[in-house]
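Working notes, structure below.
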Amino acid sequence: MKPDCKFCKMKSPAAELLKPDEIDTLEQNCAQVKFSKGETIFREGTFATNIVYLRAGLVKIHMKGPIGEKILRLNKAPAYLGLPTTFGDRVNHYSATAITESEVCFISLDAFKNFIYSNGNFAYEIIMDLCRSELADFQRFTNLSQKQLPGRIAELLLCFSNHLFKSNAFELPLSITELANFVSASRESVSRQFSELSRLGIIELTHDKKLTILRKDMLDKISTNG
DNA sequence: GCATTAACCACAG
DNA sequence: CTGTGGTTAATGC
């Protein structure tokens with residue numbers, strides 16, 4: 001699909017700083033693709049030949065661990081999906097899979113590099129973006145490794161509610177098994193934890209994975225004391 | 001010891 | 001893929 005970068009409403013903060021001639025270059029070096037739920041956008045172990053930008057949708061970033069699959073984070077549009085995997089090495093160190101229908105722009109690596117060399121403001125935005133996600137990751141991984149399971153689950157639900165969906169009611173974007181891979185726990189333990197939270201009246205979870213947070217105050221407490 | 005936490009196994013829906 | 005029950009190893013009081 002032919003992109004229309006000039007008038008794109010989903011430009012990244014960095015791309016907003018590109019000059020008109022650079023936008024033209026971007027347009028000529030960018031391909032827009034739709035992915036449906038469950039489709040792989042790029043796969044661990046394959047060559048990373050493009051910059052991948054998520055302009056719509058929700059994506060999970062995941063990699064194979066010694067035991068099994070590990071979900072590293074969820075990315076909501078707008079976001080670059082593969083900067084570390086593209087600049088850090090020639091092969092992808094992780095995979096990206098669409099969780100909802102998604103729209104992705106593949107940008108030629110050379111064009112993107114040239115923007116970084118020639119446009120300092122652009123480069124600065126990219127660095128900020130990378131730093132913010134590194135800080136968020138540091139926070140998440142220390143919390144993950146030091147909180148007990150109830151705290152990890154509570155934190156995850158609060159994150160969904162506060163940042164991802166900005167609502168107290170939402171549909172769980174991942175299966176229980178995936179949630180377990182996300183918080184580094186067994187699927188059985190996660191399942192039990194949800195039962196427990198329901199039993200205590202803190203959440204309500206229907207069979208079609210619609211979740212409502214009834215007692216956010218309790219979740220906050222569990223997340224903190226985790 | 002005794003209690004708690006969470007993984008592993010098995011089996012049913 | 002989920003949910004539950006039984007069992008078990010590790011850890012803390």
Side-chain angles (χ1 to χ4, degrees), chain A residues 34-46 54 56-77 81 92-102 104 136-226:
Chain A
K34 261 192 188 179
F35 288 89
S36 38
K37 186 182 162 76
E39 277 191 303
T40 301
I41 296 170
F42 57 82
R43 200 164 107 73
E44 181 177 352
T46 61
L54 180 67
L58 185 65
V59 164
K60 68 170 174 178
I61 301 296
H62 54 111
M63 73 192 297
K64 287 209 201 331
I67 314 285
E69 203 65 14
K70 163 76 183 170
I71 296 184
L72 297 165
R73 64 164 171 244
L74 300 187
N75 265 156
K76 180 179 65 161
L81 296 183
N92 286 312
H93 285 210
Y94 51 81
S95 303
T97 305
I99 292 176
T100 65
E101 173 145 321
S102 298
V104 172
D137 286 345
F138 284 169
Q139 192 64 59
R140 215 148 30 77
F141 288 129
T142 55
N143 288 351
L144 262 184
S145 58
Q146 295 191 355
K147 284 183 185 180
Q148 299 187 146
L149 191 56
R152 308 214 291 277
I153 299 284
E155 178 178 317
L156 182 75
L157 293 181
L158 288 170
C159 177
F160 284 171
S161 169
N162 295 336
H163 306 301
L164 203 52
F165 300 108
K166 303 189 195 304
S167 163
N168 282 335
F170 51 85
E171 186 176 334
L172 283 178
L174 300 172
S175 69
I176 296 292
T177 306
E178 287 174 311
L179 290 174
N181 293 339
F182 199 7
V183 301
S184 302
S186 70
R187 60 163 192 86
E188 295 100 319
S189 299
V190 174
S191 173
R192 269 184 250 272
Q193 217 51 237
F194 275 108
S195 305
E196 182 68 4
L197 288 173
S198 301
R199 197 180 62 76
L200 295 173
I202 295 174
I203 63 168
E204 187 175 57
L205 184 58
T206 65
H207 292 295
D208 52 349
K209 296 205 292 178
K210 298 255 198 313
L211 187 139
T212 309
I213 296 178
L214 303 171
R215 297 288 306 275
K216 181 164 278 198
D217 55 325
M218 292 295 285
L219 272 189
D220 278 322
K221 196 177 283 182
I222 296 170
S223 174
T224 311
N225 303 335

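Each chain gets a letter, A, B and so on, in the order the sequences are listed, and its residues count up from 1. Atoms considered below: every heavy atom in the structure, side chains included; atoms not considered: hydrogens, waters and symmetry mates. Source: prediction; values computed, not measured.
- Ring geometry, A/Tyr94 versus A/Phe42: the interplanar angle falls from 30° to 60°, so the pair is classed tilted.
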Could you check A/Met218 against A/Leu200 for side chain to side chain contact (heavy atoms under 4.5 Å, CB included), going step by step and ending with a plain yes or no? CA-CA 10 Å; A/Met218 292 295 285; A/Leu200 295 173; over 6 Å; no

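- Residues of residues 175-195 of chain A having a heavy atom closer than 4.0 Å to DNA chain C, listed by number: A/Ser175, A/Ile176, A/Thr177, A/Arg187, A/Glu188, A/Ser191, A/Arg192, A/Ser195.
- Remark: side-chain polar atoms of A/Lys60 are not paired, donor with acceptor, to backbone N or O of A/Phe182 under 3.5 angstrom.
- To the nearest angstrom, P of C/dG3 lies 10 Å from CG of A/Leu172.
- Annotation: proximity of residues 142-152 of chain A to DNA chain B (heavy atom, distance under 4.0 Å) is found for A/Gln148, A/Leu149, A/Pro150, numbered in ascending order.
- Between the side chains of A/Ser223 and A/Lys147, at least one donor-acceptor pair of N or O atoms lies under 3.5 Å.
- In this structure, A/Lys37 places its NZ atom where only 12 or fewer heavy-atom neighbours from other residues, nucleotides or ligands lie under 6.0 Å away.
- Between A/Glu155 and A/Arg152, none of the side-chain N atoms (NZ, or NE/NH1/NH2) sits under 4.0 Å from a carboxylate O, so this pair counts as no salt bridge.
- Applying the salt bridge (Lys or Arg N to Asp or Glu O under 4.0 Å) criterion to A/Arg187, with sequence neighbours excluded, gives no partner residue.
- One atom, CD of A/Glu196, and another, C1' of B/dA6, lie 14 Å apart when rounded to the nearest Å.
- Within the 3.5 Å criterion, the main-chain N or O of A/Asn92 finds no donor-acceptor partner in the side chain of A/Arg43.
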